[in-house]
Amino acid sequence: MSNYPFHRIEQYWQQYWEESSIYSTKNDFSKPKYYILDMFPYPSGAGLHVGHPLGYIATDIIARYKRMKGFNVLHPMGFDSFGLPTERYSMTTGIHPAEATKTNIERFKEQLRIIGLGYDWDREIATSNPDYYKWTQWIFLLLYNSWYCHDTKKSRPIEELPIPTDIHYEQDINQYIDSRRLAFIANIPVNWCEELSTVLANEEVEEWRSKGYTVIRKPVRQWMLRITEYADRLLEDLALVQWPNSTKEMQINWIGKSEGAEIQFPVLGEEEYITVFTTRPDTVFGATYLVIAPELPLVDLIASPEQKDAIEEYRTITKEKNDIERTELQKTKTGVFTGAYALNPLTNTEIPIWIADYVLPDYGTGAIMAVPAHDDRDFEFATKFNLPIIQVVQPVDSTKAIPSDEAFTDYGIAINCNHTELKLNGLPTVEVKKTIIDYVEQHKIGRAKITYKLHDWLFSRQRFWGEPIPIIFYEDGTKRSLELDELPLLLPEIDSLESLRGESPLAKVEQWVNFTDKDGRKGAFETNIMPQWAGSCWYYARYLDPQNTEAFCDPTLEKYWLGENGVDLYVGGSEHAVLHLLYARFWHKVLYDYGYVTSKEPFSRLFHQGMLLGTDGKRKMSKSVGNVVNPDDVIEKYGADSFRLFEMFLGPLEVTKPWSDTGIEGSFRFLNRLWRFYVNPETEHIAENVVEREMTKKELFLLHSTIKKVSNDIETLSFNTAIAQMMIFLNEASTFETKPKSMMLDFLKVLAPFAPHFAEELWKIYGHSTSIVIENFPECNEEYLVVDEVEIIIQVNSKIKAKLMVSTSATSAEQETLAKNLPEIAALLQGTTPKKVVSVPQKLVNFIL
RNA sequence: GCCCAGGUGGCGAAAUCGGCAGACGCACAGGACUUAAAAUCCUGGGACCCUUAAAGUCGUGCGGGUUCAAGUCCCGCCCUGGGCACCA
């Protein structure tokens, strides 16, 4: 028996859809909207493997379903087309990145096309397109020209920034303004490779080191974005979104809000103070030494002459460690004494000041008070260097011994906290904390303080293939941002990237960098570019209005398509759980502050599809492992509809699962069986046993329970069970002698979102001249699901002994009587009276003997 | 080390509220059709015991507990995957 002609069918309908523009989304405000979005891909040269379309097929099914349910559906696709891999490819091949990008996008689009995904390609965007990055630059300038107002808790135009009265000179004013902008310049250490004279990404460091190059941490002038101003809002507004809990938690941890206090420790013999941050101000009585990050300039001020050499040596070693090594090598603590002492302001005792790389310069104040008795790291350090350990907290349960070989880090009861004014001993940790914060605030030696792990976003890259930063620096040292009518600031036309190797490729294109302004002043453009995250931070808004040359997006369209909810469903990998999703939320909130967007959050519901493993079920599908399965080959062999069904049938969308080359046979068989169920394969006409008649009760039950199950499962993205139900439908309906046409048509609509080409073809064979895409999805009628009899189980001592059909109206007493009278049960109950009988209506009867 | 997710047949998996564990599919076995094979259709299947069947016993990572009843709830552990990692 031959297979159904999927090649012919799929080709025909893909062409039909394109020619009829059936997936083109209209701005029809009379309908409720549904905005469903995929994380757009980076168009790499490798093309797609079968793991990539997993999420796209899922959103395609939902988009088709929602459209059939009467929604105006927006389901667009585009490309995140700036990025390092293309730049590297261009360096080695000499092919211009724009050229390579164009080729890759075409290949991607073709691969997506043959899967039968109903994207509205009229709305396609690419982040490397000047019409697009004009607006990425515009949003950057919005940030640059904004400050964060703590009174109104939002960003405001920089012109509205109040200048402190004690600042008079223009230069100082400008400096002050720059210090408050949301986009600002700072010197930040990066992984610097001298031989390559370039900055390396963290993951590149290992690669070049192993080739014998040296990589050090070196401060470089960088653009930063002040995302930390939004830390609290980013944290609080997570309550507004329907996201996987794990993702929310990762963001919470990333933001890392911790409440504590800053306390000042005066340095003996100097006019200096060391300010430390601690989450446990209650343990200050146990602080027996201080530790400062070796990088801090403060170290030079306080170090005693005889310790200077040792300190310098230690600093050199620290500098050569990158972040990874600094953490990996921490099996044993290292550090050097500075020779200086500080005064513990509560105990009035002298304590030594050390430097150690376990204290990080960019977290808190870069200095800590070490409390070895109650902190694991301090304990380890104190043990190694023989520093005193003083217990100041004991467990609430005083019978528990205080271990001597480790720190007690839990909350408890204060001990050994002897102070002339404060009575602390015996108080619980929470109260001690409060008392000490009050005390240090009163004496102006400290304050309550909230610290975040989140730091400002390093926003510049010393590369070529990205958005230029639209800022001009004049020869006199002033600068200005470009005006909207000067955007986009285009990348220069270049022949070859090869010659631009090194720090900031753009700096080498002199005719581009040097610039004479309208007023004749000479200046130079910023030569750093934006990171790949920039373009993906706001692309969901551009799809609403991709051709707009006046604004990033029309406000009326924004109100309709984004509105209160933002994107209704966002589907993509969990590898973007923190960075992309946090950065995009940040930009959205800035746009919100200016009223450019209506919702506080960009993505109201988020779903992560799982990874696809190779057929061995162990390793991730990837080119380097060599276990890649190409969708083109699968589609060639089985057709796009079988491919779509199988991808969704593999298992729950969110879990990691292996691909199976044989499993797809099952989906293919299902469609072939359906084909023969609907048509006579010889004539390709409606099957002879399909008749015009009313559905029987049994048929109505089967059809409507299928409609219900599939609808519910699509809403929760449980496609595997939806497909299982459709298979059950076919298995049962195949046993019917004749099949009512109305049932056949309704089931076809249920199938259509999953296997659209297949459904279209049968819809046509069944006499329709319009597309099934625009039909209404069948509604489940609960009346047909009402049954009057149900099978219950009869147990004796909780073991199943019999089954029984009872009326759905049977009471527990009635079904108990019926059960007792069953011959096999009566036999077991003979001569005894059950101690207890559990009878749950429509479930079971259990006799306990 | 910390956080998150998960552990169910040979395999992918299913199982609203605690109520028949293993739906649906793959692979496998037997049968029908065929000269034969493929395709298709029908049948079977957790394990143990047993010639077979019935009956019985065991069975959702491991050990306890709650309950008439536990994959599902509680306590303790083991393992796998993902993420973060000296954050004071």
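Convention: sequence-line order gives letters A, B, ...; per-chain numbering from 1.
Under the rule for a salt bridge (charged side-chain N to carboxylate O under 4.0 Å, His left out), the partners of A:E262 that lie at least two apart in sequence or sit in another chain are A:R447, A:K449. Under the side chain to side chain donor-acceptor pair (under 3.5 Å) criterion, A:S839 pairs with A:Q815, not counting sequence neighbours. Checked against salt bridge (charged side-chain N to carboxylate O under 4.0 Å, His left out), A:K709 has the following partners two or more places apart in sequence or in another chain: A:D713. Every side chain to side chain donor-acceptor pair (under 3.5 Å) that A:S718 has, sequence neighbours left out, goes to A:T716. Shown here are the ring-ring contact (aromatic ring centres under 6.0 Å, His included) partners of A:F607, two or more places apart in sequence or in another chain: there are none. Here A:E441 pairs with nothing under the salt bridge (charged side-chain N to carboxylate O under 4.0 Å, His left out) rule; sequence neighbours left out. Applying the side-chain contact (heavy atoms from CB on, under 4.5 Å) criterion to A:D456, with sequence neighbours excluded, gives A:F184, A:M224, A:R226, A:I227, A:T228. A search for salt bridge (charged side-chain N to carboxylate O under 4.0 Å, His left out) contacts involving A:E791 returns nothing, not counting sequence neighbours. Residues satisfying the side-chain contact (heavy atoms from CB on, under 4.5 Å) test with A:V840, not counting sequence neighbours, are A:V838, A:K843, A:L844.
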I'd like a list of close polar pairs between nucleotides 8-11 of chain B and the protein, N/O only, cut-off under 3.5 Å.
none

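Using a 4.0 Å heavy-atom criterion, one finds that A:N720 contacts the sugar-phosphate atoms exclusively.
Residue A:K843 has its side chain nearest to B:G19 when only B:G19, B:A13, B:C20 are considered. Comparing B:G19, B:C68, B:A88 against the side chain of A:F277 picks out B:A88 as the nearest. The side chain of A:W254 approaches B:C84 more closely than any other nucleotide in the set B:A14, B:C84, B:C68.
One distance of note links CZ of A:F668 with CZ of A:F643; it measures 14.5 Å at 0.5 Å rounding.
Proximity of A:K657 to the phosphate of B:G12: no side-chain N or O atom is located under 4.0 Å from OP1 or OP2. Not one side-chain nitrogen or oxygen of A:N846 sits closer than 4.0 Å to the OP1 or OP2 atom of B:G19.
Here, B:C74 and B:U67 have their P atoms 16 Å apart, quoted to the whole Å. Between the P atoms of B:C84 and B:G71, the separation comes to 37 Å (whole Å). Nucleotides B:C50 and B:U60, compared at atom C1', are 26 Å apart to the nearest Å. Taking atom P in both B:A21 and B:G59, the straight-line distance is 13 Å, to the nearest Å.
Residue A:S246 is the one, among A:D362 and A:S246, whose nearest nucleotide of RNA chain B lies closer to the 5' end (criterion: closest heavy atom). RNA chain B is contacted by both A:K803 and A:K709; A:K709 maps to the nucleotide lying nearer its 5′ end (nearest heavy atom per residue).
Glycosidic torsion of B:C17 falls within 90° of 0, placing the base in syn.
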### Query
Which dot-bracket string fits RNA chain B when only Watson-Crick or G-U wobble pairs with both atom distances under 3.5 Å count, crossing pairs get [ ], and | stands for a partner on a different strand?
(((((((..(((......[....))).(((((.......))))).(((.......)))..(((((..]....))))))))))))....
### Message
Walk along nucleotides 24-30 of chain B from 5' to 3' and tag each nucleotide B, S or - by protein heavy-atom contact under 4.0 Å, base first, then sugar-phosphate.
### Response
BSSS---
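Look at CD1 on A:I252: it is 11 Å from P on B:C4, rounded to the nearest Å. Taking atom CG of residue A:D282 and atom P of nucleotide B:A88, one finds them 14 Å apart after rounding to whole Å.
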